[in-house]
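A short worksheet on the structure shown next.
Values below: all heavy atoms of this structure, side chains included; hydrogens, waters and symmetry mates excluded. Both ligands and their constituent atoms are indexed starting at 1 by order of listing.
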Amino acid sequence: MASEENFMRAPAPSPKRTIYTEAMEIFHRAADLIGLDKRVRLELEEPDYEHIFYVTTKLKDRLVPLAPEEAKAFSDLSVTQVRNPDGLERLADGKIILNGRALLGSDVNIRRGHLRLPDGGVYQLVPGESQRFKAYRVQHNQARGPYKGGIRYHREVSLDLFKALAAEMTWKTAISEVPFGGGKGGIQIDPRQYGREELENITLRFMYKLKSMIGPNIDIPAPDVGTNGEIMALMLREYSDGERERHNLRGIVTGKDVRIGGSEGRVKATGQGVAYCIEDYYADRGESVKGKTFVLQGFGNVGSHGAAILANMGARLLAVNDADGSIYNGDGIDVHALMAYVSDPKNLKRSVAGFPGAQKIEKKDLWEIQADMLIPAALGGEITADVAERLKVKLVAEGANGPTTPEADRVLQKRGIDLIPDIIANAGGVTVSYYEWIQNKRMERWSESEVDQRLEKAMKRNYRIIRDISRNQPRKTDMHDSRGYCISKTVDPRCAAMILALKRIEAHYMLEGFSQ
Ligand code: GLU
């Protein structure tokens with residue numbers, strides 16, 4: 001008969017590994033090291049709230065291109081001359097959205113639901129139907145201030161992923177000393193498959209539902225993967241339109257266009273924060289960014305602005321990739337020309353692929369390029385143990401959230417590759433989001449140089465505290481004071497960053513206590 005003692009000793013079934021449990025490994029390691037208060041640990045281990053809801057919308061009619069083989073069956077179909085070509089919105093996947101009365105007034109030749117456009121292609125006319133999307137908002141922790149974090153529009157999202165990203169925001173806001181907690185959310189959608197007005201309707205409907213869960217002093221969304229200032233403008237409108245104190249609600253989202261209450265410098269802020277950390281990393285070694293080479297993974301908001309700022313500091317971009325291709329130029333890629341190429345409306349996929357100033361390479365080869373640093377600035381989990389074994393760089397600076405798996409982390413350490421962890425490296429975005437939020441509250445407008453100066457100080461001060469924790473070197477300088485954070489032993493930088501976050505969060509619980 002199993003005694004109680006035996007029962008107590010039975011090994012707990014090992015929990016399934018998920019993105020969230022992987023992301024929390026570092027939390028547990030740091031919590032163990034500092035002896036984090038047990039109750040604080042329980043508070044932080046799981047989010048405060050996990051919202052899942054649904055958003056429906058009516059899609060527009062679209063034209064779906066036929067493959068050349070299928071089009072043969074319509075070889076004698078004559079061309080439909082479109083009178084209102086502005087109503088046709090071409091998507092990255094070749095489909096065309098029919099906006100407004102795109103075909104009105106045209107002599108439409110339709111056979112079995114197909115028509116031929118002046119481009120010669122045969123398209124199937126697919127009537128717009130209603131569609132439902134799964135939406136999320138995870139509110140992880142608010143011990144230090146309102147929940148804060150981005151809205152992601154991406155095909156591969158899940159509650160588990162948003163939990164990981166929301167927790168990461170809690171650590172990031174603590175590290176960057178902004179008075180916020182952590183949250184994250186978004187919609188399971190590939191935004192490239194939908195037209196502008198469809199995305200507008202989906203966003204408005206999303207905010208219509210989200211409205212009861214958030215507020216400028218409760219939970220403040222911002223852009224993330226697949227969203228931008230335009231999406232934030234829509235969210236602001238849906239939240240505030242018709243409200244009596246509409247202008248007090250401007251801080252409901254950050255990352256807005258500067259003309260409607262956004263902050264100067266917000267768009268480039270995340271990439272700029274990565275660059276400031278890198279600059280400080282080299283300054284600490286008595287070196288400079290000038291002449292250093294880097295490989296970049298991802299050329300979205302973080303990657304492109306980070307690369308442009310590093311290029312301005314004198315570094316050379318050797319290779320970059322995105323979901324549609326990888327490019328390389330040993331003499332250095334002209335970052336500004338690449339930005340222009342990617343944002344050209346003719347470049348429907350907004351991809352680096354085909355950039356004339358570089359040669360095409362395979363994605364797997366990107367990892368083996370010899371350079372001073374690698375900046376992952378795309379999605380999470382890209383640097384696996386296998387990738388980490390192949391890298392020929394001396395420093396990894398994480399622009400993305402969670403790009404390195406725990407196994408890869410150990411490989412980087414074993415191989416002596418330095419790391420600037422995500423929760424400090426990419427904290428520039430949320431830091432300037434905070435500046436935007438204060439400006440909204442005060443009805444102020446700060447200059448770009450003021451934002452830049454504040455951001456540089458905040459990034460470097462907190463990065464230095466993390467370095468000191470890592471080296472167990474408590475000290476006070478004009479810029480920073482790491483004395484309250486070192487733990488009498490050296491730790492790796494990711495752990496050091498987490499220690500800084502946990503100590504700052506724990507102080508709130510210990511000093512304020514718990515309401516029962
Ligand atoms: N999505 C960004 C991040 O992951 C910014 C969040 C914000 O500004 O609130 O840090």
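- For Asp492, the side-chain contact (heavy atoms from CB on, under 4.5 Å) partners are Arg29, Gln413, Arg494, Cys495, not counting sequence neighbours.
- With hydrogens and angles disregarded, no donor-acceptor distance shorter than 3.5 Å links the side chain of Glu279 to the backbone of Ala275.
- Checked against the 6.0 Å centroid threshold, Phe53 and Phe206 count as a close aromatic pair.
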Counting only pairs under 3.5 Å, give me each side-chain donor-acceptor contact of residues 295-304, with atom names and distances, residues two or more places apart or in other chains.
residue	atom	partner	partner atom	Å
Gln297	NE2	Glu382	OE1	3.1
Asn301	ND2	Val267	O	2.9
Ser304	OG	Gly300	O	2.7

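- Without hydrogens or angle criteria, Thr477 side chain to His480 main chain gives a donor-acceptor distance under 3.5 Å.
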For ligand 1, find each of its N or O atoms that sits under 3.5 Å from a protein N or O atom, and tabulate the pairs with distances to one decimal place.
residue	atom	partner	partner atom	Å
ligand 1	1 (N)	Pro223	O	2.9
ligand 1	1 (N)	Asp224	OD1	2.8
ligand 1	4 (O)	Lys172	NZ	3.1
ligand 1	4 (O)	Lys184	NZ	3.0
ligand 1	4 (O)	Asn401	ND2	3.1
ligand 1	8 (O)	Arg266	NH2	3.0
ligand 1	8 (O)	Ser433	OG	2.6
ligand 1	9 (O)	Lys148	NZ	2.7
ligand 1	10 (O)	Lys172	NZ	2.7

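- Contacts classified as side-chain hydrogen bond (donor to acceptor under 3.5 Å, both in side chains) and involving residues 206-223 (residues at least two apart or in different chains) are given here: Arg137-Asp219, Gln139-Asp219, Asn217-Lys441.
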